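Residue numbers start at 1 and run along the sequence shown. Predicted model only: the values in this text are computed from it and were never measured.
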Amino acid sequence: LLVLGAIFAFLRMPSNTPFWREIENFGHAPLFGCVALAILALVRIVLARFFSRPIHQYAAAFVLTTGLAAFSEYWQHLIGRDAEYRDLLNDIIGAFAFLAVWWTLDRSTQTQSTPDRLRCWTMRVAAAALLLIPAMPAIIWGNVIMHRNSILPRLGSFDSVLERKLFETRDAHLEAVTPPAYWTPTPEGKVGRVTFFPATYPSLLFSYVYPRWEGYHSLSFDVFSEHDSTVNMAFRIYDAGSTGCYPDRYNNVFKITPGL
């Protein structure tokens with residue numbers, strides 16, 4: 001258990017992308033599931049005279065694990081690390097699901113009757129379904145990344161729900177719409193309509209492009225402007241190892257005339 005805790009505390013994900021962040025978030029569930037089972041064993045050894053019935057032992061283990069999870073998130077907040085309510089929820093889900101499965105395997109709680117075996121399998125299926133809650137964001141982002149890799153060399157479009165997760169906005173609103181009648185329809189059938197709000201740097205970001213682009217020498221995209229006059233569009237490309245400073249990135253300004 002200490003080894004699991006140390007790994008979770010000090011292990012760094014391969015990259016700071018949504019997929020790996022969600023993998024890390026999901027890790028809370030199995031970690032605190034193991035914590036709950038360890039606490040259950042301690043309750044039976046140390047607090048057996050206070051909690052003699054199995055149901056009380058399991059309840060005590062769940063309550064103590066939930067308290068430990070809440071303290072862990074509060075402690076992370078005190079030392080300046082990320083503390084999130086969702087992490088706490090994943091901790092609680094993991095504790096409950098692992099205890100539920102262990103209940104079905106515990107000889108002190110089970111009999112050999114047919115109704116009891118059916119109840120056990122129902123609890124196991126329910127626990128597995130419960131674990132899908134913390135796992136689902138990682139599953140979704142895994143599908144997004146696989147889809148992104150499959151459409152190379154195209155970066156993305158606005159027709160796919162998966163691809164839309166690759167776009168972010170700052171002080172702007174993005175929506176997928178049907179192209180105007182005077183714009184040749186795209187093969188996907190949708191385009192992105194961006195509304196920039198008054199701000200210093202309203203932006204549309206494509207943050208999680210495929211990381212390796214050897215052999216490619218150009219990038220093309222279409223812009224349709226509904227303005228009556230020419231506007232400027234700043235375009236930046238950050239390398240994965242970029243410091244973000246002006247000299248350490250690609251910078252250009254394009255003049256966007258009305259229409260396509």
Side-chain angles (χ1 to χ4, degrees), residues 15-25 82 84-86 89 133 136-213 216-260:
S15 60
N16 185 29
T17 61
F19 172 70
W20 288 108
R21 288 198 295 268
E22 295 301 345
I23 289 291
E24 184 176 14
N25 289 335
D82 291 335
E84 300 179 4
Y85 286 111
R86 200 181 79 175
L89 177 62
I133 296 175
M136 192 55 65
I139 293 172
I140 291 173
W141 269 105
N143 279 280
V144 170
I145 297 304
M146 287 191 295
H147 178 76
R148 177 203 69 180
N149 297 348
S150 70
I151 63 173
L152 286 173
R154 191 181 69 182
L155 290 182
S157 70
F158 298 92
D159 197 53
S160 167
V161 175
L162 291 176
E163 290 176 51
R164 289 180 209 172
K165 292 185 69 66
L166 298 170
F167 294 92
E168 299 179 25
T169 58
R170 294 176 184 170
D171 298 312
H173 175 67
L174 172 66
E175 58 182 328
V177 299
T178 302
Y182 32 82
W183 186 355
T184 302
T186 64
E188 295 80 18
K190 294 286 185 179
V191 296
R193 189 178 194 278
V194 187
T195 303
F196 295 108
F197 304 131
T200 305
Y201 296 110
S203 308
L204 170 66
L205 300 92
F206 192 63
S207 302
Y208 308 108
V209 297
Y210 189 81
R212 304 295 297 271
W213 287 94
Y216 293 92
H217 305 286
S218 62
L219 172 67
S220 64
F221 54 92
D222 294 331
V223 177
F224 186 94
S225 175
E226 296 178 320
H227 289 276
D228 296 328
S229 58
T230 299
V231 296
N232 291 332
M233 183 189 75
F235 185 75
R236 301 178 181 176
I237 300 178
Y238 294 87
D239 184 75
S242 172
T243 62
C245 298
Y246 185 87
D248 196 27
R249 67 183 187 228
Y250 173 85
N251 304 274
N252 209 339
V253 176
F254 298 96
K255 293 188 178 297
I256 307 300
T257 57
L260 183 64

Side-chain donor/acceptor of S225 to backbone N/O of H227, under 3.5 Å: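 A pair under 3.5 Å: yes.
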Nearest atoms (heavy-atom pairs only) where [X] meets [Y]:
{"X": "N143", "Y": "L162", "value": "O-CD1, 4.1 Å"}
{"X": "D171", "Y": "P202", "value": "O-CB, 3.3 Å"}
{"X": "R236", "Y": "N251", "value": "CG-OD1, 3.9 Å"}
{"X": "Y216", "Y": "P153", "value": "CE2-CB, 3.3 Å"}
{"X": "W141", "Y": "L166", "value": "CZ3-CD2, 4.2 Å"}
{"X": "P137", "Y": "I133", "value": "CD-O, 3.5 Å"}

Counting only heavy atoms not in F197, do more than 12 fall under 6.0 Å of its CZ?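 Count over threshold, so yes.
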Counting neighbours of CZ on R193 that are heavy atoms of other residues, nucleotides or ligands and sit closer than 6.0 Å, is the number greater than 12? no
Does any part of the side chain of F167, heavy atoms only, come nearer than 4.5 Å to the side chain of T169, both counted from C-beta?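 No; the side chains remain at least 4.5 Å from each other.
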For residues V194 and H173, determine if any side-chain heavy atom of one lies less than 4.5 Å from a side-chain heavy atom of the other.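 Not touching, per the 4.5 Å side-chain cut-off.
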Would you compute the distance between atom [atom1] of [X] and atom [atom2] of [Y] and round it to the nearest 0.5 angstrom?
{"X": "E168", "Y": "F206", "atom1": "CD", "atom2": "CZ", "answer": "10.5 Å"}
{"X": "N252", "Y": "M233", "atom1": "CG", "atom2": "CE", "answer": "9.0 Å"}
{"X": "N149", "Y": "H147", "atom1": "CG", "atom2": "NE2", "answer": "10.0 Å"}
{"X": "T195", "Y": "E175", "atom1": "OG1", "atom2": "CD", "answer": "6.0 Å"}
{"X": "R148", "Y": "K165", "atom1": "CZ", "atom2": "NZ", "answer": "14.0 Å"}
{"X": "T257", "Y": "F224", "atom1": "OG1", "atom2": "CZ", "answer": "10.0 Å"}

List the steps and the verdict of ring-ring contact (aromatic ring centres under 6.0 Å, His included) for F235 and F221. CA-CA 12 Å; F235 185 75; F221 54 92; 5.3 Å; yes
